[in-house]
There are 4 protein chains.
Amino acid sequence: MARTAHVHRLPMSVPSDVSAIEALFASGDLAPDAIVAILGKTEGNGCVNDFTRGYAVQSLRAALAPHLPPDRIDRLPMVMSGGTEGGLSPHWIVLSEADGPDTATGPSLALASAVTRPLSPSEIGRGAQVELVRDAVLTAMKDAGITRPEDVHFVQIKCPLLTSERIEQVAGDVATRDTLKSMGLSRGASALGVAQALGEVGPVPDTAIGSDWSLWSSRASASSGIELMSCEIVVIGLSSDWSGDLAVAHTVMRDAIDAGSIARVLDTIAPGAPIQSQADRLQAVLAKAEASAGGTIRGQRHTMLDDSDISSTRHARGFVGGVLAGLTGLTDLFVSGGAEHQGPDGGGPVCIIYRKDTPT
Amino acid sequence: MARTAHVHRLPMSVPSDVSAIEALFASGDLAPDAIVAILGKTEGNGCVNDFTRGYAVQSLRAALAPHLPPDRIDRLPMVMSGGTEGGLSPHWIVLSEADGPDTATGPSLALASAVTRPLSPSEIGRGAQVELVRDAVLTAMKDAGITRPEDVHFVQIKCPLLTSERIEQVAGDVATRDTLKSMGLSRGASALGVAQALGEVGPVPDTAIGSDWSLWSSRASASSGIELMSCEIVVIGLSSDWSGDLAVAHTVMRDAIDAGSIARVLDTIAPGAPIQSQADRLQAVLAKAEASAGGTIRGQRHTMLDDSDISSTRHARGFVGGVLAGLTGLTDLFVSGGAEHQGPDGGGPVCIIYRKDTPT
Amino acid sequence: MARTAHVHRLPMSVPSDVSAIEALFASGDLAPDAIVAILGKTEGNGCVNDFTRGYAVQSLRAALAPHLPPDRIDRLPMVMSGGTEGGLSPHWIVLSEADGPDTATGPSLALASAVTRPLSPSEIGRGAQVELVRDAVLTAMKDAGITRPEDVHFVQIKCPLLTSERIEQVAGDVATRDTLKSMGLSRGASALGVAQALGEVGPVPDTAIGSDWSLWSSRASASSGIELMSCEIVVIGLSSDWSGDLAVAHTVMRDAIDAGSIARVLDTIAPGAPIQSQADRLQAVLAKAEASAGGTIRGQRHTMLDDSDISSTRHARGFVGGVLAGLTGLTDLFVSGGAEHQGPDGGGPVCIIYRKDTPT
Amino acid sequence: MARTAHVHRLPMSVPSDVSAIEALFASGDLAPDAIVAILGKTEGNGCVNDFTRGYAVQSLRAALAPHLPPDRIDRLPMVMSGGTEGGLSPHWIVLSEADGPDTATGPSLALASAVTRPLSPSEIGRGAQVELVRDAVLTAMKDAGITRPEDVHFVQIKCPLLTSERIEQVAGDVATRDTLKSMGLSRGASALGVAQALGEVGPVPDTAIGSDWSLWSSRASASSGIELMSCEIVVIGLSSDWSGDLAVAHTVMRDAIDAGSIARVLDTIAPGAPIQSQADRLQAVLAKAEASAGGTIRGQRHTMLDDSDISSTRHARGFVGGVLAGLTGLTDLFVSGGAEHQGPDGGGPVCIIYRKDTPT
């Protein structure tokens, strides 16, 4: 017998719709206590006043309450990311672990999670957050049986943001008074914590967060939300301790239209396969998107940063979602906005969890 | 000597920035009286209160005034389409005709334009508009020397919309009192006019406009704008009467993520070429985008039609823009929103003007 | 002893923040089973995809669960209205009834509620909804001991809306396929049900709903939300069966800036009092706001109906909220958007619940 | 004979609609060379990508071109302020000066304008801008024959903002890289320039701009726009050198709902007059609006700063517009958003130009 990872990608008709998860509980296809983490792509604006994330979490907790003790629910990462712009589709990704037959001939998908202590509003977007996330990543890697940093293919983080009230609470001792901007600093600090854990960067001064874009992680993906004050971390990688028919690969988009990098990683999964032909084998696609700070893509101006009607994070999710949907044939993609220190400026990490076998 | 078509795709830093066009006039690379039509993708919301289109037209007219007589300017189609969501880039596409050496061995790009009389607000989105557009398309085809409907690869139309004021003007005798909805009916009526001209549909009752989605054109692309009351038509096709190194191809996206159709048409231009490798040969890419009426893409729910913060046309442009940018490697794509009766529900026509020769 | 009405106006820091209500339960100042209805002004967009309403209701239900049996909670009207534009402040209004000493010398505030059966999507915005609401209003009046229609000063309704999914569910047999528009038709049908119950209009044909603006109620206020399929009704009036120190008055704003009508009703409460001086006596202010269909206010153009970036309902709430806040000195005003058949075109009913005594 | 000021408040159907101004030219009621400044309230979003301001200016320049020499047009302040949220109405305010009979018994409305040199992007929102504006105000006061600072009742300024392109132009040496934020810093620096000129503040360090809200002017009103790089200044006051039937008064709103201050200044114009009864005498109302930084109004939370769908400046304009419309009975009010250093936090200066005589 060996540790085996499972991934369920499930539809969500409104942020409180947990019926697809409850159906798996009822059918016995998913044991509640096997769950490692639940990711949700909800249909809010993904910005400060996006309450679809909190609503989804409240609904998940109610669905889990009959099955799990309260403290187990408290420690379970529920990483909601708001924003299904364009044709993106709201969905849940349930990651779970169960014992299974040891049939794997190579490394298989490995998972683990961790949660930091609650942050003070003053710590958000600063060095304290970097350190807390770094330590949590190292803890989760150990739990997942992943010893080499290169076997980590993605780290998904959910982290807090500042609101007017929280800023007042610490008398204005905050990284920024701009609440929308606080989301970016929090995501950036989280990403740099991952980068440190994976050896991608060295020590990070406070002033580098949100400004020195040469520092980035190739595997971090952070979302910030109003509904939590801790950072929740999910590590996704490969390990020979695990078995099962799932594996994971990742790449980094160099800019918002870097379809070449995506095509190459898909080609490693199914060499020479036509575009979109592997849609059925893809269990989950997770990616980061952002508007490049310089205001251009390959020399052509974009307008995302000068649009005062729609946040640039919304623009970027819908657009990069289109790039990925075109190549994969899926729309229930976990594209998360705001890629500060997550991949190079204007680009971002992409993670693909897939079935190893070729469909008939 | 033979008629020869030219295409200039030029950057726009704000809607009034006509400097790239003026530079071509100054250098002699473009004669003002050779212009057949000017298309512009401007950075407004593409909806009712998008004044970037009118601002761009006013700026174009001022730039042309020193070079052309007023009535020539009045008859020149200036088709502005608002909305550069996601990474799309504001740009001009200047279509022109000049005599050149007759070197072509097959048919070449052929162009012509036409403008209808001004519509009454009562005619917008109704049968009268269908007929006016149909007749204008037939006129333009004749001017372009295109005799067979199958040699028309794209028809770009700019048409009017209703405002509160215009509705009052005709005492409420209008197709709809909803100003945003009037844009869709106007685009739909224009598209059905193209479909009739190309033999794609028969007679169209008023009640079919905006409701019977089984009627559509595979080559129509319509934008509506507050700044005009006529319909402006540009026909783009192939004709043996023309010479030059440009050609055009088209396809229809079956849904918003139909990358397969795009990949196939690109493959006819450069068989077996890697993704994005032909970016330099593509002179202009024109496409329509819209949210599918049923609320799903390949069975997965999208949220475009239920989002009261962002118009579904903005969502669709950014997302389909991403699909096309991923495949072509370009972001200055003329993606226009609102594809009523332009391709099947949720999909839309795509036109690619390209250089025939393979770059070295 | 006599029936006595109480009103608690309480702050809400996020849509799930029910702490102020729970504090009243804990202190004994409010008995859960005394609650007649809970109104909430939440900070969503108040349009189709406003999930703050459902989130607030889910949070309320969880707060009530330890205190009340499930079927009692199911029958309790929880009327959430989204949208706190401008300086408006999210808040709860808890209406309750308890026995108290019979000290009143005249009629006092009287309250009662009713809930209709769930509607089919096909019934929304049509005559069936009018009739269901009418009957529910008559039932609630009886429960409140209000016999004369003129003693009803306000009827607050929460009613359902259409979504893409619900439209599909009944195979498109709906009053409109436009989800945002369905909110208006549902509000309008509800208001006409109130108007019928109060003898303000006679029979209403389906075609009059959402089009014949000469039909309206002077005391109806309807909000539509995605989170329910029934109509919830709260009747607010005066009755000699009730005692206590609260009373209610109402007026109708003739247009969006009709401060005169507000000033007159405030003058009946405290004759000659300076502007804003009675803020402490006002227990709750409920009002409707909308953009006038003709596109003007007193002959001057407004832009609310032509703005494709912000729904006209959001514009109207913030603006009318300003008018009311200036006159009352309060910002936690229950201003609800979309006043179809609720007051004349562009205007709307206003209800003020106040303490009878003059503060010392 | 004496200098006499005139004010024309005129409707605008779209940003390019200058027909009401041209009609005055044609009728002889306004001589083009008498114009001191033109203010315009246009219907854009009032934020970074609001091109209605530039479109209006381009249209004004075209309307003036047949009447005035180019350098006179270049020096004429055209202060466009975007944003007519809620029921606010797009309009022009044309300020002009002509010789008239010296009939005044007291001081009359006095006007003058000035324009600074173009700023470098690096100077925007910094001390250099403060000084340039201060000097321009002093110059304009002298021109207007206003010697005492207390006789200045309003100073309207139009100032530049940063865009992604302008930031690149000076290699990032800017006060902020956030384009929306740059609008606030530019407005703030302009206001502090006025405050210095009027003796309201002493020297202002760079770091105080946009952060030390204890520094403010009671009479400054600044708008920023993408269409200019200079600062344009219009001084409005009272002077015994001038005659005519117009006068001006001002007040400061202490917060967004400070109707008391407005009521008091209206009472000085027409003591004891009922609400809205003086609408006909009011020639122009100019005001600033903003969301209070602390997130509350009189202790109640507002949501303007946490709303990522609508800029807080848009919220504030519509809401304060409602307060002012309720008290004055007008909707064509020049309410301008972003009141940094213009009045206290959350409040702002208000200026009322009125006819001295009482209407019959």
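In the text below, chain A, chain B and the rest are named by the order of the sequence lines, each starting its count at 1.
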S.K.: Side chain, backbone, both or neither: which part of D:Arg301 has a non-hydrogen atom closer than 4.5 Å to chain C?
M.R.: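 Both backbone and side chain of D:Arg301 come within 4.5 Å of chain C.
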
S.K.: Between D:Ser292, D:Ser312, D:Ser13, D:Pro11, who has the most heavy-atom pairs with chain C when the cutoff is under 4.5 Å?
M.R.: D:Ser13

S.K.: Counting heavy-atom pairs under 4.5 Å to chain D, which of C:Val323, C:Leu327, C:Leu330, C:Ile262 comes out on top?
M.R.: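 Of the options given, most contacts go to C:Val323.
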
S.K.: Looking at every heavy atom in both C:Thr331 and D:Phe319, which two are closest together, and how far apart are they?
M.R.: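 In terms of heavy atoms, the two residues are closest at CG2-CZ, 4.4 Å.
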
S.K.: Chain C heavy atoms under 4.5 Å from D:Val335: which part of the residue, side chain, backbone, both or neither?
M.R.: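 Neither part.
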
S.K.: Given that the side chain runs from C-beta out, which part of D:Asp307 has a heavy atom under 4.5 Å from chain C: side chain, backbone, both or neither?
M.R.: side chain

S.K.: Taking side-chain contact (heavy atoms from CB on, under 4.5 Å) as the test, write out the residues that go with C:Ala284, two or more places apart.
M.R.: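 Checked C:Ala284 against side-chain contact (heavy atoms from CB on, under 4.5 Å); matches are C:Val7, C:Ile93, C:Leu286, C:Ile353.
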
S.K.: Side chain, backbone, both or neither: which part of D:Gln300 has a non-hydrogen atom closer than 4.5 Å to chain C?
M.R.: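 Answer is both: backbone and side chain atoms of D:Gln300 are under 4.5 Å from chain C.
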
S.K.: Please identify, among D:Gly329, D:Ala289, D:Ala291, the residue contributing the most non-hydrogen atom pairs under 4.5 Å to chain C.
M.R.: D:Gly329

S.K.: Within a strict 4.5 Å, meaning less than it, do heavy atoms of the D:Arg314 and C:Arg314 side chains meet?
M.R.: no

S.K.: Name the region of D:Ala325, side chain, backbone, both or neither, that has any atom closer than 4.5 Å to a heavy atom of chain C.
M.R.: both

S.K.: Could you grab the distance from atom CG of D:Asp332 to atom CZ of C:Arg298, nearest 0.5 Å is fine?
M.R.: 12.0 Å

S.K.: Determine the minimum heavy-atom distance between D:Ala259 and C:Ile275, stating which atoms define it.
M.R.: CB-CD1, 3.9 Å

S.K.: Could you grab the distance from atom CG of C:Asp309 to atom CD1 of D:Ile310, nearest 0.5 Å is fine?
M.R.: 9.5 Å

S.K.: Counting C-beta onward and ignoring hydrogens, is there a side-chain heavy-atom pair between D:Pro90 and C:Thr303 closer than 4.5 Å?
M.R.: yes

S.K.: To the nearest 0.5 angstrom, please state how far the CE atom of C:Met304 sits from the CD atom of D:Glu43.
M.R.: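 It is 12.5 Å, given to the nearest 0.5 Å.
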
S.K.: What residues of residues 79-87 of chain D sit under 4.5 Å from chain C when you count only heavy atoms?
M.R.: D:Thr84, D:Glu85, D:Gly86, D:Gly87

